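As a basis for the values below, the full set of heavy atoms in this structure was taken, side chains included, without hydrogen atoms, waters or symmetry mates. Keep in mind it's a predicted model, so treat the numbers as computed, not measured.
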Amino acid sequence: MEPEVKIERRKTRQIFVGKVPVGGDAPISVQSMTNTETCDVDATVGQIRRLQDAGVDIVRVSVPSMEAADAFGKIRAQVDVPLVADIHYDYKIALAVAEKGVDCLRINPGNIGREDRIKAVIQCAKDKGLPIRIGVNAGSLEKELQRKYGEPTSDALVESALRHVDILDRHDFQDFKVSVKASNVFMTLQAYRKLSAQIEQPLHLGVTEAGTFRSGTVKSAVALGSLLMEGIGDTIRISLAADPVEEVRVGFDILKSLNLRKKGVNIIACPSCSRQNFDVIKTVNELEARLEDINESVDLAVIGCLVNGPGEAREADVGLTGGTPNNLSYEDGKKSHHVSKEDLVDELERMVRAKVKKQREDEAKGIIARSE
């Protein structure tokens, strides 16, 4: 088997969003953002809990008004995942959520206004031990930069970010992270590459307004995957016009594909053809739905015939190769037992859950380290 490639990550300053470390040698965290009305506390709490069930590390919540800030406090009291308050322009909202248990402020210091307001927010962040996220988007660049560059460019994104960084530097505030997002893949790549060479703070990766579930997933995988392979990026958010839970799933799938996080069941499956001895697509779709609750790392190979099946199955924790009259299962790379078509899904689920149970027992005994 080909030796596992280890990506050498860029060295960055580590900050904490709640109890979640970002940067340094910390695992790359996966974020999402609620799309409920923040003032609808029950709906927002319900969505955050679903995101937690999917394994999210950090959740961002939009706080556009003082009413939303009051609702944020009620939300904070009902969930235990780190929360980032997304705030634009109004420094009073930042001060309000800081008193309500926020874990990070997403606010650009250059957009706050007068110097006394900037100082008030930064001093509050210092006093509360809160990091700040600078978030630059191609669609909302400063008018001066729009006139200078004529249109959004990677240089414009970086210049905007460094202006905000300079403000924090002047106030001796270093606990921040930065994003420079565009909907264009190449602009996103160039902006992050340029910025990563100029600051030591962690970078929050993302493609803004990436699109629908399918197209947004592809654009995010191309852009973020490229940067992550170069060692750039400390936390990610997949922006999709879809259920935020899907953002978390896609985020972890990208990280798993690069061996940067090991979380959940990794299904290896053939695209299927006329050689298949069972309906591969139907089988893996049902397995994926049934096994979504598992956070432990398990490789499951489901191959429809004997051509590639044995080789893939031997490399997985649990494997299945299509065969006639019965299919052959594998466990830890060794042949296990035959499985009929009718029992495929139930038996593979049983085998995976047995593997997870064994992992948990070994972890409790200190035999294996907790998977990330």
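- More than 12 heavy-atom neighbours from other residues, nucleotides or ligands sit within 6.0 angstrom of NZ on K194.
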Worksheet item: So E159 and R163, salt bridge (charged side-chain N to carboxylate O under 4.0 Å, His left out) or not? Walk me through it.
Response: CA-CA 6 Å; E159 184 172 339; R163 288 182 175 187; 3.3 Å; yes
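- Put simply, the side chain of K256 gets close to the backbone of K263: a donor and an acceptor are under 3.5 Å apart.
- D103 and R76 are joined by a salt bridge, as a carboxylate oxygen and a charged side-chain nitrogen come within less than 4.0 angstrom of each other.
- Side chain of S239 to main chain of E209: no donor-acceptor pair is present (N/O by atom type, distance under 3.5 Å, no hydrogens or angles).
- With D40 contributing its side chain and A43 its backbone, the two residues share a donor-acceptor pair below 3.5 Å.
- Here E286 does not pair with K282 in a salt bridge; the nearest charged N to carboxylate O distance is not below 4.0 Å.
- Note on I107: it clusters hydrophobically with V102, by side-chain heavy-atom contacts below 4.5 Å among ILVMFWY residues.
- Between R9 and D234, at least one side-chain N (NZ, or NE/NH1/NH2) sits under 4.0 Å from a carboxylate O, which counts as a salt bridge.
- Not a single donor-acceptor pair under 3.5 Å links the side chain of S215 to the backbone N or O of G211.
- Taking the charged nitrogens against the carboxylate oxygens, R350 and D343 have no contact shorter than 4.0 Å, which rules out a salt bridge.
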Practice prompt. Would you check, one step at a time, whether the test salt bridge (charged side-chain N to carboxylate O under 4.0 Å, His left out) holds for D332 with K355?
Written response: CA-CA 9 Å; D332 295 327; K355 174 66 65 178; 2.4 Å; yes
